Amino acid sequence: MSDGGGISRRNVLIAGAAAGALSACGRADGRAFLSSDTHPADYPTVQAVDEMARLLRERTNGRLDVKTYAGGQLGSERDTLEITVFGGLDMNRVNLAPLNSIEPMTTIPALPFLFRSNNHMRRALDSAVGDEILESLTRHGLIGLCFYDSGDRNFYNTKRPIYTPADMKGLKIRVPNSDLYIAMVKALGADATPMSISEVYQSLVQGVIDGAENNWPSYESGRHFEVATYYSLTQHVIAPEVLVMSRRRWDKLTPEDQAEVRKAARESVPFMRTLWDRRVDAARSKLLAAGVKVNEITDPAAFAAAMRPVWDRYIVTDDQRRIVQQIEDMAEAE
Ligand code: GTR
């Protein structure tokens with residue numbers, strides 16, 4: 001983890017190593033975009049970027065390509081984002097959470113109980129609302145290319161099933177590095193511990209934390225279910241993933257190549273959604289068969305009410321309020 005102050009020495013080293021890896025694969029001409037993902041190679045986000053790479057190769061006779069370093073090889077999302085802004089990485093697939101402290105507009109889709117369903121999230125982010133949130137990253141040195149699904153996040157822990165907000169009291173819960181997530185967990189009376197997802201499994205084993213919150217596929221692929229066997233369907237957040245490009249790299253592309261990159265990224269979205277839906281089903285079946293103790297919560301409205309104060313704390317600008325309203329208006333079709 002970086003100390004939060006500027007570009008850490010470790011990140012400069014990682015960026016250097018990444019550039020070295022790029023020339024080692026014979027693409028020192030700088031055309032293959034180097035991308036990072038915290039998930040393993042078979043995860044839908046990584047596969048979607050591979051599909052984007054395939055489309056780019058096909059349309060440019062191999063002139064444009066993407067090489068993804070999966071499985072968090074290049075570091076945590078927070079660290080690799082820093083490297084991306086600074087230009088040591090060309091692309092990055094991250095959740096919105098580590099962007100929350102960089103750009104307030106990214107907190108909107110991460111608000112608790114904002115989206116009524118995954119479809120509501122897809123509809124909103126496919127509209128001009130999504131474009132506006134992606135566009136807000138430009139002033140921070142990032143080009144927002146597209147959103148990918150991340151499904152609903154649920155609390156899981158080693159101690160007990162969560163039925164009501166009171167059941168959360170005193171639990172030590174890991175959250176991504178985002179003040180919004182810290183506030184959400186504190187609002188439920190639990191202790192929030194921000195850390196990178198790669199540290200969660202070991203921290204559960206050692207009892208440093210009692211639990212975390214995530215979607216079915218991450219709970220499964222990170223093997224967190226082996227230790228934290230209570231999975232409670234709070235569905236408190238349906239925040240998407242986002243694919244970003246370093247503005248430094250983007251500005252060096254011709255307008256034609258920029259258009260190709262945007263198009264290929266957008267076209268990888270429906271591909272990702274198909275993989276995502278399958279992956280959620282597969283993860284859920286596997287976990288139920290593995291004996292994970294899944295429960296519905298007693299009263300979703302009680303969780304929504306307890307977490308509602310974070311809306312007022314993080315939605316403070318007129319632009320944020322306007323976008324939140326637009327998203328809520330799109331829920332009507334549910
Ligand atoms: C996952 C997401 C990752 C990462 C992780 C986390 O759902 O796909 O990008 O943000 O959650 O909790 O750190």
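These numbers were taken from a predicted model, which means no experiment stands behind them. Numbering of ligands and ligand atoms starts at 1, following listing order.
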Going by the atom numbers of ligand 1, which of them fall below 4.0 Å from some non-hydrogen atom of [X]?
X      : result
Asn215 : 7 (O)
Glu77  : 3 (C), 4 (C), 9 (O), 10 (O)
Asn95  : 9 (O), 10 (O)
His39  : 1 (C), 2 (C), 3 (C), 8 (O)
Ser150 : 7 (O)

Is there a donor-acceptor pair closer than 3.5 Å between any side-chain N or O of [X] and the backbone N or O of [Y]?
X      : Y      : result
Asp167 : Tyr163 : yes
Arg247 : Thr138 : yes
Asp281 : Arg284 : no
Ser246 : Thr84  : yes

What class does the angle between the rings of Tyr231 and Trp216 fall in, given that below 30° is parallel, 30 to 60° is tilted and above 60° is perpendicular?
tilted
Test of understanding: given a 4.0 Å heavy-atom threshold, classify the contact between Thr45 and ligand 1 as side chain, backbone, both, or neither.
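Neither; nothing of Thr45 gets under 4.0 Å from ligand 1.
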Can you find a non-hydrogen atom of Ser218 under 4.0 Å from ligand 1?
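Per 4.0 Å heavy-atom rule, Ser218 contacts ligand 1.
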Please confirm whether Glu213 comes under 4.0 Å of ligand 1, counting heavy atoms of the residue only.
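Glu213: no contact with ligand 1 (<4.0 Å).
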Starting from [atom], find the nearest protein heavy-atom neighbour and note its residue, name and distance.
atom                    : answer
atom 8 (O) of ligand 1  : Glu241 OE2, 2.5 Å
atom 5 (C) of ligand 1  : Ile197 CD1, 3.5 Å
atom 11 (O) of ligand 1 : Asn214 ND2, 3.1 Å
atom 6 (C) of ligand 1  : Arg174 NH1, 3.4 Å

With heavy-atom distances below 4.5 Å as the criterion, would you say the side chains of Thr38 and Tyr43 are in contact?
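Side chain of Thr38 against side chain of Tyr43, heavy atoms only: no contact under 4.5 Å found.
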Met272 and Asp149: which non-hydrogen atoms are nearest, and at how many Å?
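Smallest interatomic distance, heavy atoms only, reads CE-O, 3.3 Å.
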On the six-membered ring of Trp276, is Arg279 placed so that its NZ or CZ lies under 6.0 angstrom from the centre and within 45° of the ring axis?
no
Indicate whether any N or O donor in one side chain lies under 3.5 Å from an N or O acceptor in the other, for Ser198 and Ser196.
yes
For ligand 1, which is the ligand I care about here, please tell me if Tyr43 has any N or O atom under 3.5 Å from one of the ligand's N or O atoms.
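No; the residue has no nitrogen or oxygen that sits under 3.5 Å from a nitrogen or oxygen of the ligand.
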